[in-house]
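Everything quoted here is computed from the prediction, not taken from an experiment. A, B, ... follow the sequence lines: proteins, then strands. Residue 1 opens every chain.
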Amino acid sequence: MGAWSRGGRPASVRPMVYDHQSIERRWQAYWEQHETFRAEVDRERPKYYVLDMFPYPSGDGLHVGHVEGYTATDIVARYKRMRGFNVLHPMGWDAFGLPAERHAMKTGVHPATVIANASANFRRQLKRLGFSYDWRREVNTTDPGYYKWTQWIFLQLWGSWYDREAQRARPIAELPIPDEVRAEGELAVARHRDARRLAYLDEAPVNWCPALRVVLANEEVAEKVDDGYEVIRRPMRQWVLRITEYAERLLADLEGLDWPPHVLEIQRNWVGRSEGAEIDFAIAGHGATLTVFTTRPDTLYGATYMVLAPEHPLVATITTPSCRAEVEAYVERTARRSERERQADAQGGKKTGAATGAMAIHPITGAEIPIWIADYVLVGYGTGAIMAVPGHDERDHAFATTMGLPIVRVVAPVDGVPADHDIGKTAFVGEGVAVNSAIIDGRPTADAKRVMTEHLVAQGRGRARVTYKLRDWLFSRQRYWGEPFPLAHRPDGIVVAADELPVTLPEVADYDPSEDGEPPLARATAWKTLADGSTRETNTMPQWAGSCWYYLRFCDPGNGALPWSNEAERYWMPVDLYVGGVEHAATHLLYSRFWHKVLFDLGHVGEPEPFRRLVNQGMILGATFLPLDRRKGDDGKKLVFLPHDVEEQADPDRPGESVWVVRATGERVEIQWDKMSKSRGNVVNPDEVVASYGADSVRMYEMFMGPLEHSAPWQSEGLAGVHRFLQRVWKLFHVTAPEGSTEPDALRPIVDGEGTPRQRRLLHRTIEEVTTRIDRFAFNTAISALMVFTRDLVASDAGADPAEAALPREAARQFCLLLAPFAPHLAEELWSELGHAKTLAHEPWPAPDPVWLVDDTFQLVIQINGKWRAEIPAPKAASKDELVALAGAVDDVARKLDGATPKRVVVVPGRLVNFVL
RNA sequence: GCCCGGGUGGUGGAACGGUAGACACGGGGGACUUAAAAUCCCCUGCGCAAGCGUGCGGGUUCGAGUCCCGCCCCGGGCACCA
């Protein structure tokens, strides 16, 4: 580098005009020292709770994607503070979970140490970006002082049952115990209660991931399968939370939330409500009744066989001796199949199954129809059994075709669509008119469903019913780095709560669960064994546990006696704005809402929903470069070049255009944008860009990229552009020190007041625009208004009004306030240079003066037949007739009109005149 | 397959039913400089032009990127859930 290049500037030359490094350092220290963003309950002021989805503190540090969401919430936090709200804006660490544990296994460093280091790094990075968190409220889910209360909430769940009549959770002590149960003694009462608790032990097939040696919740399976992990079903005894009791409320309460439609849809899909009927079938030669769920009771006459899930409890009792061997083999085989195999078959429409030899009796016709088992019927949904109507259900149709079972039509399409439909070839799944169905013949589907259900109810053979896809939440994990369950198993089999919380994690020598899934805590014998002979539960909670309620702890993080005080919770909750990634739509957001409702039912919180408004930030994409022929490299993977391998060159073929070229070889490559990830090598490190452009530039660039919800490519030219803007702001406030001077830049000459009428109009329009655009979350356009102001406030050197060469003090003052949410460091610096002794963080937000929002004149647009023809300045006060006269007098317009009388003249005052010929 | 959300310059994106492309990036030209960098100023949807332009085709309206109907494409969600 030469003496004059950016890095090696001689000391005699003055420093860069806008020295972001020293400015940012100064104000970050000021905020910290003065506790500028400290929040306390204050009943005199309205509150505003702005929350980020707190991060998992990974060893890789913060990335620019985090920064986008955090900047948006910080803008809102700073803005609301200036609007007089008492703002709660906290940050913490979601620090339990696999990565720290795996790191510990590899390096021998304790997960707590791993987390401490990583979170210290995150905290440093966040502070460097100037976010206005109240750091006194920082929480860490792995801190025993925190997870004590996670365990406490778990005990609330364990200690409750769902009263379906009252539609709410109630303490288990209030559960009515039938006399005959009570008569059987303590153990029977305990069993009766345990079967109804919101947290219960269940021996059921679970999603087991052998590679990770852990069970997965249904919500987690898809993600792990996508990551290439094998997930198999295997029976295990596990803790499960009864979230299904809340299905209806989780669905109904989505109404009225200000959430993205997309997330509402994911939640609705996940809950998966469907209305239908249960129908009871007798089994020939057995006392047992086989109950099925169907959404199409109108197709009952078309049921030609029955199917049970292989795990259905009746399978063992009804299977005939001649079929037993085949059925058992089939049950065995399905139990071992992996999730992936099942999905593959499902996609291919491939059906397998076995006949039980038993026959069901059709509740209306009395016909005997065969009972099969097949794994396309799921044990966890409905009743785990179906009546198969191959004529009108694609899956039943495929199965019937494979097994050679009869197919009959009981619904006819209306309007003859499709006219040539062949029920033997494909199922007709649409609505139509019932046929071949004695009691409902001729009725349209909706009507037929209703009448059939009523008929079944009258006969005592069925009932209307609603079912949900949502399953109970599998809540235990066979890992070390999670919250221990505060429970112990007594020798007599009764489960009891720990007397004292927290139940802390013991030290262990080996973090890995055994191959068959015995948790590492099971080997901590001293910890596990209690004095009275009972043993502690050795599973731990999933990572979601801590994040299910952290927003509540933020209300009162230092409380040692309670998870939160009533006072703090009633004041701060609900969260007014919650910003985070969409990946949590079916997991974290569903789980938190569930816990919150339980806490609400038990009177611990005051509102049924925790998050009033939700916004998902988009992804920031990183660049990689691909050869034009997409050839593979030596390792057999697609050949990829990283940004530092590549440079931009002028395109020799197309002047003015440029192409990407590999520096070493000169080969042309194409740019490709992907989600940033360490493995792709396309990650932008916030530390580096903050060092070279400053936190204010990085914050502003991320907001200027486009709407918050959109994904957008990270382009360093754009960052440089925003940085240039901040330099222009600096220059607006300063006269540059003479060349060679070591003095800092001096403040531009200032005149009192808001300046000339033109400047005042500009100021008030800017206030108006920035305000409405922050309110609308249109931060990119708010920034553009700030850019226009900066460009136009002071007359450029060449010519123009000399009265506008100075900086109007009042305009400068208010501009600092408008800039502050976006570029808080620079705004504070300029504010203090204007002579203010204190931070601007609590200054009132500027209000536009309506007088200056209206111009005396406006640009009148003249249209002919709706097309733009001319534009002239016209007085705002002009009447419609005057406007038409003005418009008609314009030469160009008069010529086009050519003396013709318009059929109609549309006048929109303040905008346009449209002559319709 | 079903359900959401989108398609606007070379790029990111602006536009209460009222001048499409604000503000930026990129590109071009100029000023300053011995020169360059930096900075500042001007131009920049397409077309030689009349004109044409917001995925395509219709419609409503004096006027449609915006509202309605029918398609196409892209992104996302759900999916053996009876």
Nucleotide N/O to protein N/O under 3.5 Å, stretch nucleotides 61-65 of chain B:
unit_1: B:C62; atom_1: OP1; unit_2: A:Arg904; atom_2: NH1; d: 2.8
unit_1: B:C62; atom_1: O2; unit_2: A:Asn914; atom_2: ND2; d: 2.5

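- Take A:Thr401 and apply the side-chain contact (heavy atoms from CB on, under 4.5 Å) test, not counting sequence neighbours, and it matches A:His397, A:Ile407.
- Between A:Arg724 and B:A24 there is no side-chain polar atom (N or O) within less than 4.0 angstrom of OP1 or OP2.
- Nucleotides B:A49 and B:G6 have their P atoms positioned 37 Å apart, rounded to a whole Å.
- Nucleic acid contact for A:Gly721: sugar-phosphate only, since backbone atoms but no base atoms lie under 4.0 Å from a heavy atom of the residue.
- In this view, A:His362 and A:Thr365 satisfy the side chain to side chain donor-acceptor pair (under 3.5 Å) rule, not counting sequence neighbours.
- Between A:His710 and B:G12, a side-chain N or O to OP1/OP2 separation shorter than 4.0 Å is absent.
- For A:Glu431 and B:C2, the CD to P distance is 15 Å, given to the nearest whole Å.
- Taking atom C1' on both nucleotides, B:A15 is separated from B:A24 by 16 Å, rounded to a whole Å.
- When the nucleotides B:A82, B:C4, B:G12 are ranked by their closest atom to the side chain of A:Phe704, B:G12 comes out on top.
- In this structure, of B:G5, B:G77, B:C78, it is B:G77 that holds the atom nearest to the side chain of A:Ile266.
- Comparing B:C23 with B:C74, their C1' atoms sit 26 Å apart, to the nearest whole Å.
- Nearest-nucleotide positions on RNA chain B for A:Tyr468 and A:Pro707 put A:Pro707 closer to the 5' end.
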Donor-acceptor contacts, no H, no angles, side chain residues 709-722 of chain A, under 3.5 Å, sequence neighbours left out:
unit_1: A:Ser711; atom_1: OG; unit_2: A:Met619; atom_2: N; d: 2.9

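- Picking from B:U11, B:A82, B:A24 the nucleotide with the shortest atom distance to the side chain of A:Thr294 gives B:A82.
- Among the nucleotides B:G12, B:G76, B:A15, the one closest to the side chain of A:Thr781 is B:A15.
- Across all strands shown, A:Glu717 has heavy atoms under 4.0 Å from sugar-phosphate atoms exclusively, and none from any base.
- Not one N or O on the side chain of A:Tyr468 forms a donor-acceptor pair closer than 3.5 Å with the backbone of A:Trp270.
- Residue A:Thr467 is out of contact with every strand shown, counting any heavy-atom pair closer than 4.0 Å.
- Out of B:A22, B:C25, B:A15, the shortest distance to the side chain of A:Arg776 is found at B:A15.
- Dashed line: the shortest gap from a side-chain N or O of A:Arg791 to OP1 or OP2 of B:C23 is under 4.0 Å.
- Between the side chain of A:Asp472 and the backbone N or O of A:Thr244, at least one donor-acceptor pair lies under 3.5 Å.
- Within 4.0 Å (heavy atoms only), A:Val788 reaches sugar-phosphate atoms of the nucleic acid but no base atom.
- If you take NZ of A:Lys880 and C1' of B:G18, they are 13 Å apart, rounded to a whole angstrom.
- Residues meeting the ring-ring contact (aromatic ring centres under 6.0 Å, His included) test with A:Tyr381, sequence neighbours left out: none.
- Syn is the conformation of B:G9, whose glycosidic angle sits no further than 90° from 0.
- In this model, the phosphate group of B:G77 is not approached by any side-chain N or O of A:Arg268 to a distance below 4.0 Å at OP1 or OP2.
- A ring-centre distance under 6.0 Å is not found for A:His723 and A:Tyr701.
- Here the nucleotide nearest the side chain of A:Lys731, chosen from B:G77, B:A15, B:U39, is B:U39.
- Atom CG of A:Asn269 and atom P of B:C2 are 14 Å apart (whole Å).
- Comparing B:U11, B:C40, B:A22 by their closest approach to the side chain of A:Ser784 singles out B:A22.
- Partners of A:Gln267 by side chain to side chain donor-acceptor pair (under 3.5 Å), not counting sequence neighbours, listed by chain and number: A:Arg593.
- Rounded to the nearest Å, the gap between the C1' atom of B:U60 and that of B:C69 is 11 Å.
- Secondary-structure stems of RNA chain B, taken as three or more successive Watson-Crick or G-U wobble pairs (i with j, i+1 with j-1) under a 3.5 Å distance threshold, comprise B:1-7 with B:72-78, B:10-12 with B:23-25, B:26-31 with B:39-44, B:55-59 with B:67-71.
- Toward the 5' end of RNA chain B, the nearer of the two residues A:Thr295 and A:Val908, judged by each one's closest nucleotide, is A:Val908.
- Nucleotides B:A20 and B:G53, compared at atom C1', are 9 Å apart to the nearest Å.
- Taking atom CH2 on A:Trp673 and atom C1' on B:G13, their separation rounds to 15 Å, with Å as the unit.
- Counting to the nearest Å, the P atom of B:G7 and the CD atom of A:Glu709 are 12 Å from each other.
- Relative to the side chain of A:His262, the nucleotides B:G76, B:U39, B:G18 differ in distance, and B:G76 lies closest.
- Between A:Leu308 atom CG and B:A82 atom P the separation is 18 Å, expressed in whole Å.
- The distance between atom CG of A:Leu786 and atom P of B:A22, rounded to the nearest whole Å, is 18 Å.
- Residue A:Asp396 is out of contact with every strand shown, counting any heavy-atom pair closer than 4.0 Å.
- A:Glu220 contributes a side-chain N or O that, together with a main-chain N or O of A:Ala217, makes up a donor-acceptor pair within less than 3.5 Å.
- For A:Asn780 and B:A24, the shortest distance from a side-chain N or O to OP1 or OP2 is not below 4.0 Å.
- Ring geometry for A:Trp730 versus A:His734: interplanar angle under 30°, hence parallel rather than tilted (30 to 60°).
- Going from atom NE2 of A:His734 over to atom C1' of B:C40 covers 19 Å, rounded to whole Å.
- Between A:Asp375 and A:Lys351 no salt bridge is recorded (no basic side-chain N to carboxylate O distance below 4.0 Å).
- When distances run from any side-chain atom of A:Ser274 to the nucleotides B:A82, B:C23, B:A79, the shortest one goes to B:A82.
- Here A:His312 pairs with nothing under the side chain to side chain donor-acceptor pair (under 3.5 Å) rule; sequence neighbours left out.
- Note on A:Val307: nothing from the nucleic acid sits closer than 4.0 angstrom, heavy atoms only.
- Taking the six-membered ring wherever Trp is involved, the centroid distance between the rings of A:Phe779 and A:Phe704 does not fall below 6.0 Å.
- Spacing between B:U8 and B:C56 at atom P, rounded to whole Å, works out to 11 Å.
- Among the atoms of the strands shown, none is found under 4.0 Å from any heavy atom of A:Pro260.
- Not a single side chain to side chain donor-acceptor pair (under 3.5 Å) links A:Arg773 to another residue, sequence neighbours left out.
- Atom C1' of B:A79 sits at a distance of 15 Å from the matching atom of B:C4, rounded to the whole Å.
- Minimum atom distance to the side chain of A:Lys351 is reached by B:C80, of the listed B:C78, B:C25, B:C80.
- One C1' atom belongs to B:U66, the other to B:A31, and the distance between them is 43 Å to the nearest Å.
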